[in-house]
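The next block holds one structure in the form of structure tokens; read it before the comments.
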Amino acid sequence: MDFCYIEDIGKHEGEKVTLKGWLYNKRSKGKIHFLLVRDGTGIIQCVLTKGEVADNIFNTSDELTQESSLEVTGTVRQDQRAPGGYELNLSDLKIIQIAQDYPITPKPHGTTFLFDHRHLYLRSRRPHAILKVRNELIWAIRNYFYKNKFVLIDTPLLTGSVGETTSTLFETQYLNEGKAYLAQTGQLYLEAAIAAFGKVYCFGPTFRAEKSKTRRHLTEFWMVEAEEAFYDNDDNMDLQEDFLIFIVNWILEKCQEELKELERDISPLEKVKKPFYRISYDEAVEKLKKAGSKIEWGTDFGGEDETILTKMFDRPVFVYNYPKKARAFYMKPHPTRDDVVLCADLLAPEGYGEIIGGSQRNDDYDSLVQRIKEENLPLDAYKWFLDLRKYGSVPHSGFGLGVERTLTWICGLSHIRESIPFPRTIYRLYP
RNA sequence: UCCCGAGUAACUCAGUCGGUAGAGUAGGUGGCUGUUAACCACCCUGUCGCUGGUUCGAGUCCAGCCUCGGGAGCCA
């Protein structure tokens, strides 16, 4: 390799190095030019002084425009005046390509403009920082499951039978086999895999065709789902707690710089420790009513309800045992109550709300058949799913964590669209 | 689908009572030997979202439509 990266520049103090990258910004003081060069790993200020560098090289820098690609060679020097602490005294400068009229200037832009130029906006500091945190978040998730001996099971994205019953699906013609749907969950397939592997997880994109128009919704988002044989609903919550603490600690350890760039107050993240609060749906409704919410027992929380609720707690809170009629057919009925199921949602603090939905699954053949019928679902589509209850059925539980919602909370973002490289929302399919 | 709000220069916006379009940024030219979103001077930039209406005259008032943003619902 004949060049080095800006993040390693501290190892080369006093040495002559070559960097390859893009011009982030430039300033000139006439006979001194300052070039801010970025290479994906950082930003460094390069200095060209007339008289100390060949005239043709000094003049070359006049041609540079924002985001032109270039190669620079110079001596690394520590300097407190430089952003980043180090700067490069240039001895050589080669233009790779001159960028013409780069649309994103160092001045404020509106979100529509920025997301119309998302392919370029990725280069800016804020999205760059967020997506670096995303990278670590995903690594932490995979790392946690690997360390805890969960087996990765990739579940299909094209499915015939539907997963849950409530949400709207993207539909496509599947050759000669009729309609296929883009997956909204891999859970049912994971339930098949636990009897083979015990503890499993899947991680992939999921799709919802709902015309949701809020700061918490994407039509395409990434979800990690885990499924565990012989775990009951409480074991499931213990696991989620441990899992979330692991990934938050990982981010706190690895992403100090990025969180600082995002001006994220990390004190709420530092409070993510055992035990999380656990309240029943019944208690949550009581608390909300006392706080003035119009919620009625039996309905799901609205966005506002979630915000009120999470602001009552300084750590994540589980709300467990929701009304049966507000939850999916596959959840296990409560052993002594007919109106609730064994499940739990995990709500992130600071008003962010639901990031995990989980439940113990219905492992009883007859009762599951009954629930499928009650929901008017086609029994034959679920034949394989029902088979799992015929051949060595066991108590089991699982959960799904929304990656973008989690990242939105960890980074303290105000809109989920910033948490994914190329967001797909109700009105956005470009770029 | 419903309720708000916004569409004016490449970008961010201002535009008073209806009187014929203006700032900053970007771009261009010149100046400046330590700039930090550099600064200073000058120059350039318009289908005022679209269609129609009222008027001597519409960016401005009225109607309809389009697009986008925020929220609700739905959902992770």
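So you know, we letter chains A, B, ... as the sequences are listed, proteins then strands, and number each from 1. In this text the structure is predicted, and so the values were computed from the model without any measurement.
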Pairs under 3.5 angstrom only: tabulate donor-acceptor contacts from the side chains of residues 310-319 of chain A to other protein residues two or more places apart or in another chain.
from     : atom 1 : to       : atom 2 : distance (Å)
A:Thr310 : OG1    : A:Glu306 : O      : 3.2
A:Thr310 : OG1    : A:Thr307 : O      : 3.2
A:Thr310 : OG1    : A:Gly351 : N      : 2.9
A:Asp314 : OD1    : A:Tyr277 : OH     : 2.9
A:Arg315 : NH1    : A:Pro275 : O      : 2.4
A:Arg315 : NH2    : A:Tyr277 : OH     : 3.1

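One C1' atom belongs to B:rU55, the other to B:rU20, and the distance between them is 15 Å to the nearest Å. For the P atoms, the distance from B:rU8 to B:rC50 is 10 Å, rounded to whole Å. If you take atom C1' in B:rU60 and the same atom in B:rG15, they sit 9 Å apart, rounded to whole Å. Between the C1' atoms of B:rC56 and B:rG18, the separation comes to 12 Å (whole Å). Comparing B:rG46 with B:rG5, their C1' atoms sit 25 Å apart, to the nearest whole Å. The gap from the C1' atom of B:rC40 to that of B:rG24 amounts to 15 Å, rounded to the nearest Å. Here the separation of B:rG49 from B:rC75, taken at their P atoms, is 39 Å to the nearest Å. Nucleotides B:rA23 and B:rG30 are separated by 23 Å at their C1' atoms, to the nearest Å.
Using modelled atom types and a 3.5 Å distance limit, the side chains of A:Asp300 and A:Tyr322 yield no donor-acceptor pair.
With rounding to whole Å, A:Glu67 atom CD is found 16 Å from B:rC11 atom C1'. For the pair A:Tyr430 OH and B:rC68 P, the interatomic distance rounds to 14 Å; values are reported in whole Å. Rounded to a whole Å, the CG atom of A:Asp116 is 11 Å from the C1' atom of B:rU67. Between the P atom of B:rC32 and the NE2 atom of A:His33 lies a distance of 11 Å, rounded to the nearest Å. In this structure, CD of A:Glu354 is placed 8 Å from C1' of B:rC75, rounded to the nearest angstrom. Atom CZ of A:Arg126 is separated from atom P of B:rA37 by 17 Å (rounded to the nearest Å).
With B:rC75, B:rG34, B:rU12 as the candidates, the nucleotide lying closest to the side chain of A:Phe34 is B:rG34. Among the nucleotides B:rC68, B:rU35, B:rU25, the one closest to the side chain of A:Thr105 is B:rU25. Which of B:rC32, B:rG34, B:rC68 sits closest to the side chain of A:Tyr427 comes down to B:rC68. Minimum atom distance to the side chain of A:Glu87 is reached by B:rG34, of the listed B:rG34, B:rG73, B:rC32. Distances from the side chain of A:Lys29 to the nucleotides B:rA37, B:rG34, B:rC74 place B:rG34 closest. Of the candidates B:rA72, B:rU12, B:rG27, B:rA72 carries the atom nearest the A:Lys213 side chain, counting heavy atoms from C-beta on. When distances run from any side-chain atom of A:Lys31 to the nucleotides B:rU1, B:rC32, B:rA37, the shortest one goes to B:rC32. When distances run from any side-chain atom of A:Phe113 to the nucleotides B:rU35, B:rG34, B:rU12, the shortest one goes to B:rU12.
Evaluation of the salt bridge (Lys or Arg N to Asp or Glu O under 4.0 Å) test over residues 406-429 of chain A, restricted to residues two or more places apart or in two chains, returns A:Asp116-A:Arg428, A:Arg126-A:Glu418. Applying the salt bridge (Lys or Arg N to Asp or Glu O under 4.0 Å) rule to pairs touching residues 346-358 of chain A yields A:Arg264-A:Glu350, sequence neighbours excluded.
Looking at RNA chain B, the stems built from 3 or more consecutive Watson-Crick or G-U wobble pairs, each pair with its key distances under 3.5 Å, are B:1-7 with B:66-72, B:10-13 with B:22-25, B:27-31 with B:39-43, B:49-53 with B:61-65.
Taking 3.5 Å as the limit, the base of B:rG34 and the side chain of A:Arg77 contain a donor-acceptor pair of atoms between them.
Applying the 4.0 Å criterion to OP1 and OP2 of B:rG70, one finds that A:Arg417 has a side-chain N or O inside that range. Proximity of A:His415 to the phosphate of B:rG70: a side-chain N or O atom is located under 4.0 Å from OP1 or OP2.
Between A:Ile426 and A:Thr49, the residue anchored closer to the 5' end of RNA chain B is A:Ile426, taking for each the nucleotide with the nearest heavy atom. Heavy-atom distances to RNA chain B give each of A:Lys26 and A:His109 a nearest nucleotide, and the one nearer the 5′ end belongs to A:His109.
Environment of NZ in A:Lys287: sparse, with no more than 12 heavy atoms of neighbouring residues, nucleotides or ligands closer than 6.0 Å. Under a cut-off of 6.0 angstrom, the local environment of OH in A:Tyr174 is sparse, with at most 12 non-hydrogen atoms contributed by other residues, nucleotides or ligands.
Take A:His109 and apply the side chain to side chain contact (heavy atoms under 4.5 Å, CB included) test, not counting sequence neighbours, and it matches A:Ile104, A:Thr105, A:Phe113, A:Leu114. For A:Glu87, the side chain to side chain donor-acceptor pair (under 3.5 Å) criterion is met by A:Gln45, A:Arg77, not counting sequence neighbours.
Under a 4.0 Å N-O distance rule, the pair A:Arg327/A:Asp345 qualifies as a salt bridge.
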